[in-house]
Engineer: 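First the structure, then my questions, so here it is.
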Amino acid sequence: MSHSEGQSSQKDSLEIPPGWKEPEFTKECNPTGMLEESSFATLFPKYREKYLKECWPLVQKSLSEHGLKADLDLIGGTMKVSTTRNAWDPYIIIKARDMIKLLARSVPYEQAVRVLEDGLSAEIIKIGRLVPNKERFVKRRQRLIGPNGSTLKAIELLTKCYVMVQGNTVAAVGPYRGLKDVLQIVTDCMKNIHPVYNIKTMMLKRELMKNEKLKNESWDRFLPKFKSKNLSKRKQPFKKREKKEYTPFPPEQPESKIDKELATGEYFMKDKEKVIKAKMVKKAKQAEAEVRRIEKRNQSFIPPEEKPSKSSKKTKKSSDVDVQQLKAKIKKSQKKTFHAKQSQS
């Protein structure tokens, strides 16, 4: 092999490929294994006990492949993972810790196991303290899910992450870039910024990435700018309040439950009679609801009213003959023939 050929091959080997990826960490990289034991434990709620008991053999099998040991304490309500001498990857214990945390947060085993793969990670976002008002928190949490889970599905497709909203936390499993986007969407949603705005910007960025001309340019002119529309009280339109008529008498007090029962005579009924009456009222309501349900179901079988076609109207018009006009035409033709005969004679 010539000197020039050797130089070219050396250059090719030094060049970084376009889709550069870190080499996999195998058992050969650390043949001695882990010398010191490290472990993590986490609590799980009572309602997860049955599911964890069923899937725990699978958890132990998947962790044993990486040289880890898993223990389930049903009495104390804890899950524990620890390393053994067979473990060669020093970071796998952190991934195993994330796995048991996800299992405790109601994430199914099929999705939680994905954390052990290279290039994937997990994020548990605590959203409970981001909104102090409970009613607002419930509304904003529902925005993440959307109608029939459509918003959550859109987030999963764009970020390539599995996202689960459970209680005061949002659990996500996926690539690092996707987890960063999920974190931004969730925190913005809790700050009263609708997730649809972030979804729209992400979709535009995905389309702009495909264009090679715009790779090294700023995308600010293409991305939408959403501003809050909280108008000040001075700029808001003034509404006149209608004054109510002055009455010296106070409003009537609403009837209490006892007053209503006295008016209907239910107050003097026995407990058994009240129960029977309540059951009768409930059955009557159920019968009415059943009738309405049947009517609604039968509506789809009722044929719609057919509109008369245009062609039939035309045929009717053509078939309708004006008799008087026809008689006048016949008389006119008869007169013409009579005058023609007289002129010939």
Side-chain angles (χ1 to χ4, degrees), residues 19 21-22 42 44-45 47-48 50-52 54-55 58-59 62-63 79 91-92 94-131 136-211 219 222-226:
K21 193 179 178 183
E22 287 186 15
T42 185
F44 63 87
Y47 65 87
R48 290 291 289 170
K50 189 182 176 183
Y51 180 78
L52 290 170
E54 289 173 358
C55 72
L58 296 169
V59 174
S62 58
L63 291 173
M79 289 182 283
Y91 192 70
I92 198 68
I94 305 295
K95 286 181 169 276
R97 179 201 64 184
D98 293 341
M99 181 183 170
I100 60 171
K101 276 186 179 179
L102 290 168
L103 288 167
R105 296 309 309 157
S106 299
V107 175
Y109 165 77
E110 291 79 11
Q111 297 295 335
V113 176
R114 290 176 62 209
V115 183
L116 302 174
E117 296 175 19
D118 289 336
L120 296 178
S121 186
E123 185 80 30
I124 296 169
I125 308 154
K126 293 177 182 178
I127 57 172
R129 293 181 183 178
L130 293 175
V131 186
R136 284 181 190 172
F137 168 71
V138 171
K139 282 181 182 177
R140 289 176 190 181
R141 186 180 63 182
Q142 188 58 35
R143 281 180 197 169
L144 280 171
I145 301 163
N148 299 322
S150 57
T151 310
L152 197 69
K153 191 72 180 173
I155 293 164
E156 286 180 347
L157 288 167
L158 285 167
T159 58
K160 296 178 182 177
C161 295
Y162 172 81
V163 186
M164 186 173 187
V165 182
Q166 175 74 14
N168 293 332
T169 57
V170 177
V173 184
Y176 296 102
R177 182 68 186 272
L179 291 173
K180 189 182 175 183
D181 293 331
V182 170
L183 180 64
Q184 188 185 351
I185 291 164
V186 171
T187 49
D188 286 350
C189 184
M190 291 295 122
K191 290 175 184 176
N192 203 18
I193 298 166
H194 205 281
V196 171
Y197 299 147
N198 283 315
I199 288 165
K200 197 172 183 180
T201 51
M202 283 172 70
M203 287 171 77
L204 286 165
K205 280 178 182 177
R206 183 178 277 190
E207 292 298 319
L208 289 164
M209 281 170 74
K210 293 175 184 176
N211 196 340
W219 294 347
F222 300 107
L223 299 174
K225 293 174 184 178
F226 304 104

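Sequence positions, counted from 1, serve as the residue numbers for this chain.
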Engineer: Find the distance between CE (M164) and CD1 (I145) and round it off to the nearest 0.5 Å.
Structural biologist: 9.5 Å
Engineer: Taking only residues two or more places apart in sequence or in another chain, which ones pass side-chain hydrogen bond (donor to acceptor under 3.5 Å, both in side chains) with R140?
Structural biologist: none
Engineer: Which atom pairs, one a donor and one an acceptor, fall under 3.5 Å between side chains of residues 104-119 and the rest of the protein, sequence neighbours left out?
Structural biologist:
residue	atom	partner	partner atom	Å
R105	NE	T169	OG1	2.9
R105	NH2	Q166	O	3.3
R105	NH2	T169	OG1	3.1
S106	OG	Y47	OH	3.3
Y109	OH	L58	O	3.1
Q111	OE1	R114	NH1	3.0

Engineer: E207: which residues meet the salt bridge (charged side-chain N to carboxylate O under 4.0 Å, His left out) condition with it, sequence neighbours left out?
Structural biologist: K210
Engineer: Kindly write out the residues that satisfy side-chain contact (heavy atoms from CB on, under 4.5 Å) with N168, not counting sequence neighbours, or none if the list is empty.
Structural biologist: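 Once residues adjacent in sequence are excluded, the partners of N168 under the side-chain contact (heavy atoms from CB on, under 4.5 Å) criterion are F137.
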Engineer: Measuring from C189:SG to Q142:CD, what's the distance to the nearest 0.5 Å?
Structural biologist: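 Atom-to-atom, C189:SG and Q142:CD are 10.0 Å apart.
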Engineer: Out of I124, V165, L183, which one pairs with V170 under the side chain to side chain contact (heavy atoms under 4.5 Å, CB included) rule?
Structural biologist: V165
Engineer: I need the minimum non-hydrogen distance between L179 and A122, along with the two atoms involved.
Structural biologist: CD1-N, 3.9 Å
Engineer: Would you please name every residue forming a side-chain hydrogen bond (donor to acceptor under 3.5 Å, both in side chains) with D98, sequence neighbours left out?
Structural biologist: none
Engineer: Where the side chain of R136 meets the backbone of V131, is there a donor-acceptor pair that is under 3.5 Å apart?
Structural biologist: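 No: the side chain of R136 does not pair with the backbone of V131.
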Engineer: Less than 4.5 Å apart, side chain to side chain, heavy atoms only: is that true for M79 and V59?
Structural biologist: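 M79 does not reach V59 side chain to side chain.
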Engineer: Check K95 against L120 and note the closest heavy-atom contact, atom names and distance.
Structural biologist: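 In terms of heavy atoms, the two residues are closest at NZ-O, 2.7 Å.
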Engineer: Who passes side-chain hydrogen bond (donor to acceptor under 3.5 Å, both in side chains) against N192, sequence neighbours left out?
Structural biologist: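 Only R143 meet the side-chain hydrogen bond (donor to acceptor under 3.5 Å, both in side chains) criterion with N192.
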Engineer: Once ring-ring contact (aromatic ring centres under 6.0 Å, His included) is applied, do any residues pair with Y51, and if so which ones, sequence neighbours excluded?
Structural biologist: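 Per chain and number, Y51 pairs via ring-ring contact (aromatic ring centres under 6.0 Å, His included) with no residue.
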Engineer: As an exercise, state the distance from CG of L144 to NE2 of H194, rounded to the nearest 0.5 Å.
Structural biologist: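 Atom-to-atom, L144:CG and H194:NE2 are 9.0 Å apart.
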Engineer: Show me the pairs that pass side-chain hydrogen bond (donor to acceptor under 3.5 Å, both in side chains) and involve residues 120-131, at least two apart or across chains.
Structural biologist: none
Engineer: With a cut-off of 6.0 Å (strictly less than), are more than 12 heavy atoms of other residues, nucleotides or ligands near NZ of K101?
Structural biologist: no
Engineer: Just one of I185, I125, I127 clears the side chain to side chain contact (heavy atoms under 4.5 Å, CB included) bar with M190, so which one?
Structural biologist: I127
Engineer: Output side-chain donor-acceptor pairs under 3.5 Å for residues 148-163, partner residues at least two apart or in another chain, one line each.
Structural biologist:
residue	atom	partner	partner atom	Å
S150	OG	P147	O	3.0
E156	OE2	V163	N	3.2
T159	OG1	I155	O	2.5

Engineer: Not counting sequence neighbours, list each pair that qualifies as a salt bridge (charged side-chain N to carboxylate O under 4.0 Å, His left out) and has a residue in residues 177-205.
Structural biologist: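 Pairs touching residues 177-205 that pass the test: none.
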